[in-house]
Amino acid sequence: MNSRSVRVRFAPSPTGGLHLGGVRTALFNYLFAKRYNGKMVLRVEDTDQTRFVPGAEQYIVDCLEWCGIVTDESPLQSGPYGPYRQSDRKPMYRQYAEQLIVQGDAYYAFDTPEELEKMREDLKTPENPSPQYDITTRMRMRNSLSMPPGEVDALLEAGIPYVIRFRMPEGETIQFDDLIRGSISNDTGLLDDKVLLKSDGMPTYHLAVVVDDYLMKISHIFRGEEWLPSAPLHVLLWKKLGWEQDMPHFGHLPLILKPDGNGKLSKRDGDRLGFPVFAMDWTDPQTGEKTIGFKERGFLPEAFLNMLAFLGWHPGTEQEIFSLAELEAAFSVERISRSGAKFDYEKAKWFNQQHIQRTDNAVLAAGVLPFLEAAGLPVDNKDVLVRVVSLVKDRCHTLADFAEQSAFFFRAPEQIDLDSIRGKWTPEKAAFYREWSDNFNAVGSWDHESINASFETAVAASGIKKGELMLPLRIMLVGGKFGPNVMDIMEIIGAAACKERIEAALAQL
RNA sequence: GCCGCGUUGGUCAAGGGGUUAAGACGCCUCCCUUUCACGGAGGAAUCACGGGUUCGAUUCCCGUACGUGGUACCA
């Protein structure tokens with residue numbers, strides 16, 4: 001690792017919802033920058049104009065903000081190396097492609113999409129199902145390597161569309177040291193002549209990523225393993241462009257796989273298995289299709305990040321629950337693993353549950369409120385909400401769980417599990433509840449202690465076992481066999497509501 | 001097909017030439033709780049296979065298998 005200052009980037013393509021794998025890539029870059037006092041830049045890779053999706057860029061920014069991943073430079077916070085959107089940098093790329101042509105490391109190619117398809121079709125064999133545009137085929141194609149110079153000039157002058165392709169050398173071995181995987185080497189004879197500049201004048205990812213990383217002085221590149229096969233091309237580009245001494249260190253992150261079967265985790269898997277894949281809700285502007293996000297499912301940002309950090313990284317200690325600040329302090333590239341990890345939604349919920357338990361009740365209440373409102377629960381008192389949150393948080397894995405777990409605090413249960421009461425029901429019990437609730441006004445200050453004392457006294461007088469009376473009481477108040485301490489519930493919902501619910505239940509028994 | 005990368009319980013994983021091969025999620029049992037959870041205590045469950053190297057391989061090397069990524073004018 002050289003001594004220049006650390007600059008990393010997260011370079012998503014704004015084509016839709018932000019996948020959790022993307023967030024993890026952003027997180028690892030961010031953590032690395034924090035660890036080495038570096039800068040984190042967000043660069044939008046929108047070189048494919050056919051895949052432009054309105055709103056996707058802002059959505060990415062919003063997701064990072066929700067997560068708590070802070071960028072130092074981005075399209076919205078310009079810095080010394082802007083612009084930070086590749087479409088805005090379009091004029092910057094061509095000169096480098098042309099430099100390569102002059103050097104003999106790239107060439108013009110005039111083949112139409114149809115011609116390319118025909119070549120691939122014609123050359124396809126069982127042994128070689130995907131023929132490449134490479135050293136073995138380029139001389140039979142229409143390019144400045146295969147055609148006489150005069151003809152090339154004529155086409156150029158006539159304004160015939162063309163692309164610029166990299167001229168992959170033969171017989172070389174490209175080797176580089178990956179921060180995560182160690183030495184990686186490839187034989188150039190097997191690599192193809194990738195398009196560098198498209199016919200619309202836009203660079204492809206390959207050209208843009210190298211030019212931008214150079215111009216933006218990026219020192220370390222952490223990206224998904226799907227980029228490993230094209231890393232040799234990038235290394236070659238750094239060399240041919242004369243920037244080898246400034247080449248960043250590469251670190252290819254393991255893939256996040258689907259929980260069942262095999263393959264990269266996709267949005268489809270989430271839809272199919274019922275869990276979110278995107279960081280936040282995403283609505284496709286074309287189809288109007290909405291995809292749920294972790295945020296809206298009730299995840300705490302730090303829990304989300306904590307869970308993501310453990311998908312491919314391990315601190316080497318027993319500690320599993322980390323705040324963002326703790327991750328920043330503990331993160332180390334050496335502990336990133338090489339193998340892909342299957343995403344486990346159950347474990348994700350466990351991380352969330354652990355963070356919920358550690359979150360201050362008032363803070364939690366603020367986060368929970370939107371979920372209760374969405375469930376139509378009338379919450380009119382913040383203090384009561386904080387109290388309720390403290391009582392039910394134990395059993396919540398997501399913020400959304402609070403709605404179900406605390407609904408009875410805010411309104412009478414719609415369904416009462418009468419069957420669980422009827423089994424041992426007696427007229428004596430009915431009389432007990434009727435009499436006790438009629439005397440609620442004698443309880444005095446309506447709090448846990450007083451209510452309990454009143455209950456104990458009444459139970460003793462009735463001669464019925466306490467256990468026989470506690471469960472039905474709970475069911476009458478909350479609707480079922482769940483929830484926190486009954487006396488706490490009674491205190492919060494108030495004497496009047498308790499009496500009403502008991503009477504309503506009695507009427508049905 | 002070819003090329004790259006990978007392979008410790010169902011999942012995430014620690015470890016690393018000699019260990020009873022950590023821990024967590026999930027699952028099961030029990031305890032706690034006059035409910036449900038939380039929590040606690042236990043339990044079942046793992047080094048892909050074949051060759052080497054070695055006194056000794058889960059660990060090192062080589063193969064094989066399997067998985068996965070790439071093989072686009074997508075990123």
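As the structure is a prediction and not an experimental result, all values here were calculated from the model.
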Rounded to whole angstroms, how far apart are CG on N485(A) and P on C36(B)? 14 Å

So that I know where these two stand, are F28(A) and W313(A) an aromatic pair - ring centroids less than 6.0 Å apart? no

Counting heavy atoms from C-beta on, name the nucleotide in G10(B), A37(B), C73(B) closest to the side chain of V195(A). C73(B)

Remember a base hit wins even if backbone is also touched, and classify T47(A) as base, sugar-phosphate or nothing at under 4.0 Å, heavy atoms. sugar-phosphate

Which nucleotide wins on minimum distance to the side chain of E127(A), given the candidates C3(B), A75(B), G1(B)? G1(B)

Any N or O donor-acceptor pair linking the side chain of K347(A) to the base of A24(B) at under 3.5 Å? yes

Which of these nucleotides, A75(B), C73(B), C36(B), is closest to any side-chain atom of E45(A)? A75(B)

Roughly how far apart, to the nearest Å, are G26(B) and G40(B) at atom P? 12 Å

Contact class for R51(A) (heavy atom, under 4.0 Å): base, sugar-phosphate, or nothing? base

Under a 3.5 Å limit on both distances, the Watson-Crick or wobble mate of G63(B) is C49(B)

With a 4.0 Å cut-off on heavy atoms, is N128(A) in touch with a base, just the backbone sugar-phosphate, or nothing at all? base

Looking at every strand, decide which applies to F310(A) at a 4.0 Å heavy-atom threshold: base, sugar-phosphate, or nothing. sugar-phosphate

A75(B), OP1 or OP2 - any side-chain N/O from K198(A) closer than 4.0 Å? yes

Rounded C1' spacing from U20(B) to G15(B) in Å: 15 Å

Round to the nearest Å and state the distance from R85(A) atom CZ to A75(B) atom C1'. 17 Å

A13(B) phosphate, OP1 or OP2, under 4.0 Å from S337(A) side-chain N/O: yes

How is P126(A) classified with respect to the nucleic acid when contacts are heavy atoms under 4.0 Å: base, sugar-phosphate, or nothing? sugar-phosphate

Could you tell me the Watson-Crick or G-U partner of U35(B), where both distances fall under 3.5 Å? Say none if there is no partner. none

If I take atom CG in residue N143(A) and atom P in nucleotide C73(B), what distance separates them, rounded to the nearest angstrom? 14 Å

For atom C1', what is the distance between C38(B) and A75(B), given to the nearest Å? 45 Å

Tell me what D46(A) touches on the nucleic acid: a base, only sugar-phosphate, or nothing, going by heavy atoms under 4.0 Å. nothing

My understanding is that a pair needs two contacts under 3.5 Å, Watson-Crick or G-U wobble. By that rule, which nucleotide pairs with A24(B)? U11(B)

Using a heavy-atom cut-off of under 4.0 Å over every strand shown, decide if E225(A) touches base, sugar-phosphate, or nothing. base

Separation of atom CE in M307(A) from atom C1' in A24(B), rounded to whole Å: 15 Å

Calculate the interatomic distance between D260(A) atom CG and G67(B) atom P; express it in whole Å. 15 Å

Which value, in whole Å, describes the distance between the P atoms of nucleotides A48(B) and C12(B)? 14 Å

Nearest 0.5 Å please: distance from the OG atom of S144(A) over to the CG atom of L156(A). 8.5 Å

Closer than 4.0 Å, any side-chain N/O of R335(A) to the OP1 or OP2 of G15(B)? yes

Measure the distance from CD1 on I416(A) to C1' on U35(B) and round it to the nearest whole Å. 16 Å

What's the closest nucleotide to the T204(A) side chain, out of C3(B), A75(B), C38(B)? A75(B)

pair_partner(G70(B)), Watson-Crick or wobble, both distances < 3.5 Å, evaluates to C2(B)

Distance check: side-chain N/O of K424(A) vs OP1/OP2 of U34(B), anything under 4.0 Å? no

By the 4.0 Å heavy-atom rule, please label P484(A) as base, sugar-phosphate, or nothing. base

Give one of base, sugar-phosphate or nothing for R223(A), where a contact means two heavy atoms less than 4.0 Å apart. nothing

Just to be sure I understand the rule, does L469(A) reach a base, reach only the sugar-phosphate, or reach nothing, if contact means heavy atoms closer than 4.0 Å? nothing

Categorize Q354(A) for me: base, sugar-phosphate, or nothing, with a 4.0 angstrom heavy-atom threshold over every strand shown. sugar-phosphate

Between M470(A) and R474(A), is any pair of side-chain heavy atoms under 4.5 Å apart? no

Can you confirm whether or not the ring centre of F371(A) sits under 6.0 Å from the ring centre of F402(A)? no

If I pick the C1' atom on A24(B) and the same atom on U64(B), what distance separates them, to the nearest angstrom? 34 Å

Rounded to the nearest 0.5 angstrom, the CZ-CG distance for F294(A) and L305(A) is 11.5 Å

Which part of the nucleic acid, if any, lies within reach of K349(A) when heavy atoms closer than 4.0 Å are counted: base, sugar-phosphate only, or nothing? nothing

Check for me whether R395(A) meets the cation-pi criterion with F482(A), that is, NZ or CZ under 6.0 Å from the six-membered ring centre and within 45 degrees of the ring axis. no

Under 6.0 Å between ring centres, would you say that holds for Y205(A) and W227(A)? yes

Does the ring center of F343(A) lie less than 6.0 Å from the ring center of F275(A)? yes

May I ask you to say what G263(A) touches in the nucleic acid, namely base, sugar-phosphate or nothing, with a heavy-atom cut-off under 4.0 Å? sugar-phosphate

Whole-Å distance, I174(A) CD1 to C3(B) C1', equals 14 Å

Does S185(A) reach a base, just sugar-phosphate, or nothing at all? Heavy atoms under 4.0 Å. sugar-phosphate

Can you tell me how far CD1 of I502(A) sits from CZ of F432(A), rounded to the nearest 0.5 angstrom? 8.5 Å

How long is the line joining NE2 of H314(A) and C1' of C25(B), in whole Å? 12 Å

side-chain N/O R181(A) vs G4(B) OP1/OP2, d < 4.0 Å: no

Is any N or O donor-acceptor pair between the side chain of S199(A) and the base of C73(B) shorter than 3.5 Å? yes

Pair partner, U54(B) [Watson-Crick or wobble, under 3.5 Å]: none

Quick one: is G67(B) close enough that its OP1 or OP2 comes under 4.0 Å of any side-chain N or O from R338(A)? no

